[in-house]
Protein chains: 2
Amino acid sequence: MKLSFQDYISIKIHQTDLNLTKFIKSKLEDFNLAPEQNLIMMLLWEKDGLTQNQLADQLDKDKTNIARMASNLEKKGYIYRAHPKEDRRSLMLFLTDSGKELGEQVIPVAEEFNDIVCKGISSEELVELERLLTKINQNVQEQ
Amino acid sequence: MKLSFQDYISIKIHQTDLNLTKFIKSKLEDFNLAPEQNLIMMLLWEKDGLTQNQLADQLDKDKTNIARMASNLEKKGYIYRAHPKEDRRSLMLFLTDSGKELGEQVIPVAEEFNDIVCKGISSEELVELERLLTKINQNVQEQ
DNA sequence: CCCCAATAGTTGCTATAACAACAATTAATT
DNA sequence: AATTAATTGTTGTTATAGCAACTATTGGGG
């Protein structure tokens with residue numbers, strides 16, 4: 001049976017992801033923060049001093065991406081990086097004052113973003129959506 | 001109320017999309033086809049002779065991306081491009097013999113991919129998933 | 001017919017994303 | 001202690017993704 005284009009759920013997920021990224025990107029533009037850079041900042045606002053390796057784990061990304069995004073965040077002055085004495089291979093990320101101030105502005109924007117995304121979706125539906133996405137993740141990772 | 005990292009449905013969708021992309025990428029590697037290049041090919045296998053503009057519309061992508069992907073597909077020998085006489089601004093994409101042959105190999109792989117993605121998910125659940133994704137798309141596009 | 005709008009593609013730029021190869025450091029093994 | 005393993009980051013490359021600015025072509029209004 002030949003599937004047509006719209007039948008692929010993966011394509012729909014991809015489109016949704018692109019639209020979400022475009023939307024949050026526009027919201028973050030004023031703060032000189034790209035979407036994925038913001039994810040690193042979100043983790044740092046929760047807990048300072050994470051290493052790039054820990055960030056890569058938590059964000060489920062290649063260490064390469066984390067290194068480059070961290071480097072950009074450093075250039076923007078939101079963080080600084082330092083090798084801990086215990087392990088000079090690692091690089092810990094710390095918020096600058098500018099980075100801390102940024103959190104107070106951006107966290108409300110992120111929550112407002114989430115409210116818009118979930119508008120008209122009940123918490124039961126949200127749970128179901130998460131369950132199905134988890135199932136899909138399992139399906140492709142079992143391979 | 002401060003949301004923690006896992007609470008953002010957009011992050012879950014993003015992760016799922018990345019996993020799906022990684023998976024289909026590995027499946028298509030043998031065919032010298034990148035995931036998004038494959039989307040263009042899928043449309044061409046359905047209907048030959050689309051313009052880059054039409055492809056951009058159907059794939060909901062920037063014309064820039066389409067132009068570059070089409071250029072790569074041309075380099076790989078799967079398509080050729082030609083300006084129609086009626087409108088010399090446009091570029092129509094046509095399958096080469098190599099591109100047609102490729103379709104017979106890749107389409108079954110794409111459908112197998114979809115089967116794996118949807119394993120253990122009922123058609124009712126799939127409809128619900130699509131409905132919720134559509135709702136999210138509407139929410140962010142209304143802005 | 002001429003100027004201007006709109007349309008279709010291209011080029012340049014920035015930001016993800018993942019892989020391979022590499023350097024520096026640390027841990028493990030003998 | 002010396003060699004090898006593993007760990008942590010960086011650099012280079014390819015592939016999306018979208019924006020701005022540009023060229024070429026077409027269509028419309030005067």
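Each chain gets a letter, A, B and so on, in the order its sequence line appears, and its residues count up from 1.
Near DNA chain C, meaning a heavy atom under 4.0 Å away, there are no residues from residues 76-83 of chain A. The stretch residues 61-70 of chain A comes close to DNA chain D through A/Lys63, A/Thr64, A/Ala67, A/Arg68, each having a heavy atom under 4.0 Å from the strand.
By the side-chain contact (heavy atoms from CB on, under 4.5 Å) test, A/Lys75 pairs with A/Ser71, A/Asn72, sequence neighbours left out. In this view, A/Glu125 and B/Arg131 satisfy the salt bridge (Lys or Arg N to Asp or Glu O under 4.0 Å) rule, not counting sequence neighbours. Residues passing the side-chain contact (heavy atoms from CB on, under 4.5 Å) test with B/Leu91 are B/Gln52, B/Arg81, B/His83, sequence neighbours excluded. Annotation: side-chain contact (heavy atoms from CB on, under 4.5 Å) contacts of B/Asp60 (sequence neighbours excluded): A/Gln15, A/Asn19. For the side-chain contact (heavy atoms from CB on, under 4.5 Å) test, residues two or more places apart in sequence or in another chain that qualify with A/Asn53 are A/Thr51.
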> In dot-bracket notation, what is the pairing pattern of DNA chain C, taking Watson-Crick (N1-N3 plus N6-O4 or O6-N4) and G-U wobble (N1-O2 and O6-N3) contacts under 3.5 Å, with [ ] crossing and | for other strands?
Replying inline: ||||.||||||||||||||||||||.||||
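Clustering of Ile, Leu, Val, Met, Phe, Trp and Tyr by side-chain heavy atoms under 4.5 Å joins B/Val127 with none of the others. Membership of the apolar cluster around B/Phe94 extends to B/Tyr80, B/Met92, as traced through chained side-chain contacts below 4.5 Å between ILVMFWY residues. As a member of the Ile/Leu/Val/Met/Phe/Trp/Tyr network built from side-chain separations under 4.5 Å, B/Leu18 groups with nothing else and remains a singleton.
In this model, the phosphate group of D/dT10 is approached by a side-chain N or O of A/Gln52 to a distance below 4.0 Å at OP1 or OP2.
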Using the 3.5 Å cut-off, write out each protein N or O paired with an N or O of nucleotides 23-29 of chain C and the distance between them.
residue	atom	partner	partner atom	Å
C/dT26	OP1	A/Arg88	N	3.0

